[in-house]
2 protein chains.
Amino acid sequence: MSKKYRSDAMAAIHETMAALHDAGAIDKQTMRRFDEACLTPIRPLKPKEIKAIREREQVSQSVFATYLNVTPSLVSKWERGEKKPSGASLKLLSLVEKNGLAAVA
Amino acid sequence: MSKKYRSDAMAAIHETMAALHDAGAIDKQTMRRFDEACLTPIRPLKPKEIKAIREREQVSQSVFATYLNVTPSLVSKWERGEKKPSGASLKLLSLVEKNGLAAVA
DNA sequence: CCATTCTATAGCACCCAGTGCCATAATTCA
DNA sequence: TGAATTATGGCACTGGGTGCTATAGAATGG
């Protein structure tokens, strides 16, 4: 079995796993570990990578910021390396990188 | 025309709009305003609402935190009202509320 | 039955991400 | 040329988020 799943396929598999769990076929711990295991990996993004993502989506810093619910000022700082996106911000950026801006609309 | 769009329908419409723009049928400014207009609105989430979202998804604080790329400690604080989720965090929580955990996997 | 693990709450110190505002310059469009 | 958008930059501030540790209760397992 491959290690990569498209998000819709992952969702389907998850539902199957949940059904198995409800039926008592697998225990909670296995279920929990399954959940944690099949998330898209998060890696730190370099300033240029962030800018590349935004330009691929053809939007200005301002529009990009609106999508992520942050300030345009912050987007500029991400792209220049003045600030580094953290936890939730990094997760959002990763989502956009993988699935496009529409995925967070 | 209704005001609500499912995210896939939104994406399709956006592509159409982009194509119209490329063809010169609409100008950049209209395109920009369209982009900003059709985002899912972000409203502040109350502690109980955050807990309700997590429990609807049937996951522990720890697993929930992993999905959002934050610490379990922070999820606990959100749910007890000790900290209020902001910009990117609030956006992520709103996404989960609307589209489920699978949408941010 | 007890032992163990997972769960959630809690407190505390720390710090940097993110905000807000404003000024500047380059670019685009009428 | 003038108006509007875009991006960079600085600077002060604050609270969101981390990291660690401890506790108690619930669920699991031998």
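Letters A, B, ... are given to chains in the order of the sequence lines, protein chains preceding strands, and every chain is numbered from 1.
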So, does [X] use its side chain to make a donor-acceptor pair with the main chain of [Y] at under 3.5 Å?
X	Y	value
A/Arg54	A/Glu49	no
A/Arg80	A/Pro47	no
A/Lys91	B/Thr66	no

Check against side-chain contact (heavy atoms from CB on, under 4.5 Å), A/Val96 and A/Phe64: CA-CA 10 Å; A/Val96 174; A/Phe64 197 62; 4.2 Å; yes
For the pair made of [atom1] in [X] and [atom2] in [N], what is the distance, rounded to whole Å?
X	N	atom1	atom2	result
B/Lys91	C/dA17	NZ	P	22 Å
B/Ile50	C/dA8	CD1	P	15 Å
A/Leu90	C/dG18	CG	C1'	15 Å
A/Glu79	D/dG9	CD	C1'	14 Å
B/Glu82	C/dA10	CD	P	8 Å
B/Lys84	C/dA17	NZ	P	23 Å
A/Leu92	C/dA17	CG	P	17 Å
B/Leu74	C/dC12	CG	P	18 Å

Does [N] have its OP1 or OP2 closer than 4.0 Å to a side-chain nitrogen or oxygen of [X]?
X	N	value
A/Ser76	D/dT8	yes
B/Ser62	C/dA8	no
B/Ser73	C/dA10	no
B/Thr71	D/dT18	yes
A/Trp78	C/dA17	no
A/Ser89	C/dG18	yes
A/Ser60	D/dT6	yes
A/Arg80	D/dA7	no
B/Arg54	C/dA8	yes

Touch class at under 4.0 angstrom, heavy-atom based, for A/Pro85 against every strand present: sugar-phosphate
5' precedence on DNA chain C between B/Gln61 and B/Gly87 (nearest-nucleotide basis): B/Gln61
Shortest side-chain distance from A/Lys77, nucleotide among D/dG17, D/dC11, C/dA10: D/dC11
Candidate nucleotides D/dG17, C/dT9, C/dG18, ranked by approach to the side chain of A/Lys83 - the nearest: C/dG18
Side chain to side chain, A/Leu92 and A/Tyr67, heavy atoms closer than 4.5 Å: no
Passing option when A/Glu97 is tested against A/Lys46, A/Arg43, A/Arg56 for salt bridge (Lys or Arg N to Asp or Glu O under 4.0 Å): A/Arg43
